[in-house]
Every structure is written in structure tokens, then in C-alpha cells.
Amino acid sequence: MLFGSTRAEAVNNLQAALSSAAISGIPTNLEYHRAIAASDNFAAGNTTTKFLESPPFAPQAVEVLAPGMNTTVQDWPGRQGLWRCYLAVSGGINTPLYLGSRSTFPGGKLGGVQGRALSPGDQLPPSHGSSTVTHGLSVPSAWRPRFPEKGNAWEVGVLPGPNGAPDYFTEADIETLHTATYTVHYNSNRLGGSHVSGADSRWSQPWWLRVPVTIASTQLWKLGQASPMDAITFYPLTLCKLTCNRYLFAEYGPMELDLNLRVRIAELTKALEQQRLQGLIDMTPGVRSCLLECQAAAGLEHGAPLAHHHLPRAFQEATTASAIQKYMKSVRPEAPYLPSNVDFIAANNGLKGADDVRQTVMEAAYMVLGLGDVYLGPPCAVPVDPRHRLTVPKYNPARTFTPEGAVGIGGSYMCIYPMESPGAYQLVGRTLPIWNTFGRTPPFSRDQPWLLRYFDQVRFYEVSEEQLQDLCKRFSQGTFKLHIEDTEFSMREHNAFLETVAGDVEAMSKRQKECMHTQMQLDEESLERVKAQEAKAKEGKVANGHAETANGHNKGVEVTAANTANVWELQCKPGDRVANGQTLVVLEAMKMEYPIPSPVKGTVKACFVEGSQVTDQGDGFMVVETET
């Protein structure tokens with residue numbers, strides 16, 4: 001309610017208040033109120049009930065009618081080249097800013113329109129800011145992208161990466177990478193990159209994460225356009241000493257896990273920040289390296305040892321067990337790390353069993369050497385005491401689902417998953433959420449919605465599954481105070497300690513290498529069995545599936561797959577009556593689940609697929625006969 005000494009002054013005050021008001025997150029009638037306050041009849045006081053029909057009002061918004069499978073609002077320039085289709089809006093779309101961006105991150109439920117993909121009926125208000133768009137401008141035909149002919153491979157140009165030959169790979173390895181043909185997996189998506197597999201098993205096993213090549217920015221659009229089961233080849237671009245065409249990679253010392261090198265990297269980033277060098281925009285410190293970006297990007301805040309976090313952890317609880325079972329059903333039915341990730345960790349490290357893994361993880365103090373290993377500020381943390389550094393390969397291929405708060409180990413590193421997401425670390429349990437979107441409860445804040453910082457240390461204490469559920473609820477409500485204590489870390493004292501345990505560490509490393517070699521052989525044998533099973537299933541599909549579709553079911557409506565996907569769950573069987581829009585089958589693709597509804601009301605007459613079967617785009621999987 002606004003006041004003024006005259007009606008004209010009160011109306012002006014109201015118009016100013018409405019103009020400056022902003023309500024985000026839900027549709028409102030704010031724009032309609034502005035139109036009313038700006039009308040001549042309102043200014044004159046002619047505000048009868050019928051007056052509400054008279055103000056000329058047309059909503060300034062784009063209404064979403066059919067958003068497709070996954071359409072989101074993204075900032076410009078944002079993640080260029082990673083999506084299949086763009087619609088650029090002059091001036092932009094007026095969605096709320098989150099951490100300086102209007103882009104949508106559906107996995108984290110933040111940004112864009114309510115942190116999700118668009119739905120029918122959504123209203124997208126345009127921004128009324130200035131635009132540099134020139135109307136009528138078109139892209140010259142010579143600049144337009146060239147798509148491969150059907151059946152041909154995408155040719156993607158790459159530059160030498162930070163982990164190339166001869167330090168990490170042989171020249172023959174790199175030649176194999178450049179000459180092999182890879183296939184895009186149906187669980188690829190544009191959030192974390194594409195999963196590709198090749199004929200040579202050396203390029204299909206993520207035992208340790210290495211980056212032999214990087215894709216040039218001018219080539220990224222090709223990965224965004226590639227569909228599941230498309231073929232991809234990588235060809236070398238002109239060699240250079242940069243990591244790619246806008247990054248410089250600084251690496252310290254030999255390929256060893258040495259905290260001295262991490263401290264030197266920290267001092268490097270601190271010195272460069274203080275100098276404020278022109279053109280140096282972003283620095284990404286790693287364990288023994290630092291990636292320097294020389295074009296537009298956001299800078300990273302340098303951290304130092306600050307806090308010791310004591311986090312509750314439930315060991316091998318039901319949610320992580322469910323994620324493993326889902327993986328076995330939809331991705332890979334057998335592997336040395338299945339059905340127990342913890343037993344696999346024990347086998348790779350020469351431990352007696354799960355209890356030894358539990359004890360080692362509980363005794364370790366994990367130091368955060370990096371952030372953002374997956375999404376939303378998860379730690380890349382390593383035990384300070386090298387005797388606690390359990391080493392284990394990651395999943396191959398990755399999981400499509402990992403629960404929020406899951407604790408995993410990959411290589412020698414510990415990670416806490418801040419959200420439900422894909423992942424590949426071996427799971428050992430769950431802890432508290434380490435991300436709070438709006439930073440409303442301590443120790444989070446609006447400017448830092450993530451929990452951990454560089455060099456923070458994490459120690460776990462054991463709780464039951466029921467206790468953890470209660471603590472998670474209280475933590476999100478701000479009624480559980482996390483135990484965080486100030487700590488100091490002396491590099492000199494640590495180096496002296498390392499000398500006293502050098503013999504133990506050497507013996508442990510030798511044992512780990514022998515055990516891991518055995519597990520790698522078991523995994524190769526398992527992969528061969530899985531490939532043989534998939535080939536047999538594919539032969540059966542070719543021989544029987546399409547022929548059955550074509551025979552005797554021409555009276556109904558055929559329901560087909562919109563894209564290559566895995567059949568996650570069949571919710572109907574032949575003979576079932578279904579309503580229009582009722583879910584028939586749930587497909588899994590791009591690390592997400594997609595319910596496929598019936599297009600009509602009727603009866604299921606035939607089903608041509610089984611659970612865990614991979615369907616290609618256009619394949620029919622059910623026939624529904626329409627009720628007359």
C-alpha cells in the first residue's frame with residue numbers, strides 16, 4: 001500500500017514500487033498490476049469493478065507449449081557447443097540469477113526456471129536489457145557446421161592433453177587413440193560429457209582418470225550433436241605446448257602423491273592472484289598441477305588449511321546398496337566390484353574384508369586437495385597418512401545414479417557426492433549433504449553454498465542408518481550443529497612423519513600393485529563375458545524382434561523409442577487395459593529415466609522388449625489397440 005499527499009503522487013509511488021519489485025521462482029500477476037497502475041482510468045480514479053476488464057494487457061512472455069524431452073534456459077555464452085539446438089532470445093530471458101548465472105542445472109535443481117527442464121504452460125519473461133543482435137544477420141554457408149553422412153563417423157579434432165606421451169602413455173597408445181573408432185553409449189549426456197567405447201580395451205577401462213588429449217573448443221559442438229550409437233574418431237590438430245587452445249598447464253615434480261607439491265601449487269596460485277596479471281582469468285589448482293585459463297571465466301578463490309570437519313557416516317547402508325543393485329540391473333550385471341564395492345576395495349588392497357576397509361576409512365583424516373570432482377563442490381580428498389590411502393579402480397562403465405551424500409573411493413581419493421548424480425567411485429556409505437543451494441543454514445552461506453574448502457580435513461565417525469537419516473533432517477533444518485574445529489597443518493612435521501613410515505608405505509604399495517593386477521585380470525574376463533551376452537541378445541533381437549513387430553499387429557498403435565535407450569522397467573504386459581497417457585515402459589538414457597506413455601486408451605496387444613534390453617531409435621516395443 002502506497003501513500004502520497006495527492007492521488008497523483010500516490011499513483012507515482014505505486015508505479016515506482018511495482019516497477020522495482022521482483023518475485024522469482026513462481027508465476028505471478030506482477031506484470032498485470034503494473035499495467036493496471038499505468039492505465040489512465042486508474043490514474044483518474046475510475047476504478048469500478050468493471051474497470052478490470054478495460055486495461056489493455058498482453059503478457060510479455062513466451063509460453064512453452066511442447067518442450068520436448070529436455071529443454072532448459074541457459075546463459076549466453078555459457079556452455080556453447082554442448083547442446084543439440086539453440087534458440088537465442090534477444091536481450092535474454094529474465095530468470096533469477098544464481099551465483100552469477102541464469103543457466104539451468106537440473107541435477108542440482110538450481111538456476112533457470114525453478115531449477116528444472118521446461119514444462120508445458122511455463123511462462124518465460126523476456127529481459128528488457130540492451131542487445132547487440134543485428135536483425136537479419138545470417139551465418140555464411142561456409143561457416144555452417146558440416147554433419148557426417150548417415151553411417152559415417154564424427155571426426156573430432158583434438159590437441160595434446162596434460163597426461164599424454166611419454167609420461168602417461170606411449171606414442172603407440174596415442175596412435176591407437178587417433179586411429180580407433182568409438183561408439184557413443186546410450187547413457188551419454190551433455191552435462192558431464194559423452195561415454196565412448198572403443199575396440200581396444202585399453203581405451204575402455206577407467207582404472208585411473210587420465211587426459212591424453214583435449215577437444216578443441218571449435219570441435220565441442222560435434223559431441224553435443226552426436227547421438228547414442230554414433231561413431232566418433234579423433235584426429236590430431238596442430239601440436240602446441242598449451243593444454244588446449246586457451247589453457248596453460250603447469251605441472252610440478254614427478255608423478256607422485258606429495259603434499260609438498262600441493263603446497264607449492266597453492267603458493268603459485270596465491271602469487272598469481274596477487275599480481276593480477278592481465279589476461280589471466282581463471283586458475284584451477286590440482287594435486288600437483290594448476291590449469292591456467294587465459295580467456296573469459298570466473299576466478300577461483302584460493303584456500304588454505306582452515307577447518308577440521310567431523311562428519312557422521314553410515315557404512316554400507318541401504319541407499320548405496322540400492323544404487324549398486326540398479327547398476328547391476330541396467331548397466332552391467334557382473335564385475336569384480338559387484339555386488340559389494342567394499343569387498344572389491346579390500347581385494348585391491350590386500351585386506352581381509354569389509355571390517356578392515358571400515359576401520360581404515362574411519363581412522364583416516366582426509367585432506368581436501370581439490371573441489372568439483374563431480375558437481376556442486378564435492379571434495380577430491382586424500383588421507384594425510386599414506387598408510388590409509390586405499391587404492392581402487394572406478395566403475396567401468398559409470399553408474400547412472402548415485403545418492404546424495406554417498407561416500408566413495410576412486411584411485412586414492414575420497415569423494416562425497418553432493419547431489420543425486422552419475423558416478424564411478426566405489427561406494428562405502430553415506431554422510432550429510434555438503435551442498436545447501438540457498439545457504440540458509442550454517443555452516444553454509446549465500447555466497448558459499450558448499451561445505452568444504454581447499455586443505456580442509458574430513459574425519460568420519462560411525463552412526464547407524466536410522467541415526468544418519470535423523471541427522472540429515474536436522475542438518476537441513478539448521479538444528480544440528482556440525483563439529484568443526486580450527487586446525488593447523490605443518491608441512492615440516494608431516495615430512496618428518498613420512499620418513500618414519502616409509503617402510504610401511506613401500507610394503508603397502510607393493511601389495512596393492514599385486515592385488516590390483518589380479519583384479520584387473522578378473523575384470524577383463526568379466527567384460528568379455530558381458531560383451532558375449534550383449535552380442536547374443538542383439539542377435540536374438542535382430543532375428544526375432546522386428547519380424548514379430550511386423551506380423552499380426554497392424555490394427556493397433558505402435559509405440560516406438562524416441563532415442564536409443566535401455567529398457568529399465570516394463571509397467572504393462574499384453575492383455576492389460578491402459579488409459580491415454582498411462583506409463584507403458586520406463587526407458588533409461590542420458591543418465592536419466594524417461595516414462596513412455598500410451599498414446600491412446602486401449603489394450604496392450606503385444607510387447608517386443610524385455611527388461612535391461614537396449615532399444616535403438618525408432619524400434620517398436622509395444623502395440624496398443626485403440627478402444628472403439
Side-chain angles (χ1 to χ4, degrees), residues 159-164 167-168 208-212 214 240-244 246-295 297-309 364-374 376-386 388-389 391 409-416 434 448 450-458 487-499 505:
L159 295 164
N163 307 134
D167 293 337
Y168 295 86
W208 292 277
L209 181 61
R210 295 287 181 255
V211 186
T214 57
C240 63
K241 294 183 180 180
L242 298 179
T243 301
C244 65
R246 58 177 182 175
Y247 293 90
L248 180 65
F249 188 74
E251 191 173 41
Y252 276 65
M255 191 177 63
E256 298 175 355
L257 184 54
D258 186 343
L259 297 183
N260 291 276
L261 300 180
R262 183 59 181 89
V263 172
R264 291 189 65 182
I265 290 294
E267 293 301 319
L268 170 67
T269 57
K270 180 179 180 180
L272 292 176
E273 282 182 344
Q274 291 174 344
Q275 293 183 37
R276 298 185 178 180
L277 299 177
Q278 183 176 0
L280 176 60
I281 307 300
D282 188 21
M283 294 180 289
T284 305
V287 177
R288 49 182 283 272
S289 61
C290 185
L291 190 66
L292 309 177
E293 185 174 7
C294 302
Q295 290 184 351
L300 295 176
E301 179 184 0
H302 168 69
L306 292 174
H308 203 144
H309 299 257
Y366 291 92
M367 177 177 283
V368 178
L369 304 185
L371 291 170
D373 190 39
V374 280
L376 303 181
C380 175
V382 64
V384 176
D385 186 340
H388 294 147
R389 292 174 189 171
T391 301
I409 298 176
S412 297
Y413 299 103
M414 182 275 293
C415 177
I416 302 173
I434 59 170
Q448 185 179 309
W450 59 93
L451 177 64
L452 302 169
R453 290 171 286 186
Y454 295 126
F455 296 108
D456 278 359
Q457 294 187 33
V458 174
T487 184
E488 294 183 357
F489 182 78
S490 169
M491 201 70 239
R492 178 176 298 179
E493 292 178 2
H494 179 70
N495 289 334
F497 167 74
L498 292 181
E499 293 181 3
V505 174

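These numbers were taken from a predicted model, which means no experiment stands behind them.
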Report yes if some heavy atom in the side chain of Pro285 is under 4.5 Å from a heavy atom in the side chain of Arg262; otherwise report no. yes

In Å, rounded to the nearest 0.5 Å, how long is the span from CZ of Arg389 to CD1 of Ile409? 13.0 Å

Looking only at heavy atoms, what is the nearest atom pair of Tyr454 and Gly370, with distance? CE2-CA, 3.7 Å

Heavy-atom distance under 4.5 Å between the side chains of Glu293 and Ile281, does that happen here? no

At their closest point, which heavy atom of Val384 faces which heavy atom of His494, and how far apart are they? O-CE1, 3.1 Å

Could you state the interatomic distance from CD1 (Ile434) to CG (Leu371), rounded to the nearest 0.5 Å? 8.5 Å

For residues Leu257 and Tyr413, determine if any side-chain heavy atom of one lies less than 4.5 Å from a side-chain heavy atom of the other. yes

Looking at Phe497, is Arg492 sitting on its ring face, NZ or CZ under 6.0 Å from the six-membered ring centre and within 45 degrees of the normal? no

Ile416 versus Pro379: any side-chain heavy-atom pair under 4.5 Å? yes

Would you say the side chain of Ile265 lies within less than 4.5 Å of the side chain of Cys290, judging by non-hydrogen atoms? yes

For the student: nearest non-hydrogen atoms of Val505 and Pro386, plus distance: CG2-CG, 3.6 Å

Could you check if a side-chain atom of Arg288 sits within less than 4.5 angstrom of a side-chain atom of Asp258, using non-hydrogen atoms only? no

Please determine whether side chain to side chain contact (heavy atoms under 4.5 Å, CB included) holds for the pair Leu452 and Val458, giving the CA-CA distance in whole Å, both sets of side-chain angles, and the decisive distance to 0.1 Å. CA-CA 9 Å; Leu452 302 169; Val458 174; 4.0 Å; yes

For a 4.5 angstrom cut-off between non-hydrogen side-chain atoms, does Leu272 reach Leu280? yes

Between CZ of Phe489 and CG of Leu259, what distance do you get to the nearest 0.5 Å? 5.0 Å

Donor-acceptor check, side chain of Thr269 to backbone of Ala266, threshold 3.5 angstrom: yes or no? yes

Considering all heavy atoms of both residues, which atom of Ala365 and which atom of Gln457 are nearest to each other, and what is their separation? CB-OE1, 3.7 Å

Do we see a donor-acceptor contact under 3.5 Å between the side chains of His308 and Asp456? no

Decide side chain to side chain contact (heavy atoms under 4.5 Å, CB included) for His309 and Leu451; before the verdict, give the C-alpha distance in whole Å, the side-chain angles of both, and the deciding distance to 0.1 Å. CA-CA 9 Å; His309 299 257; Leu451 177 64; 4.0 Å; yes

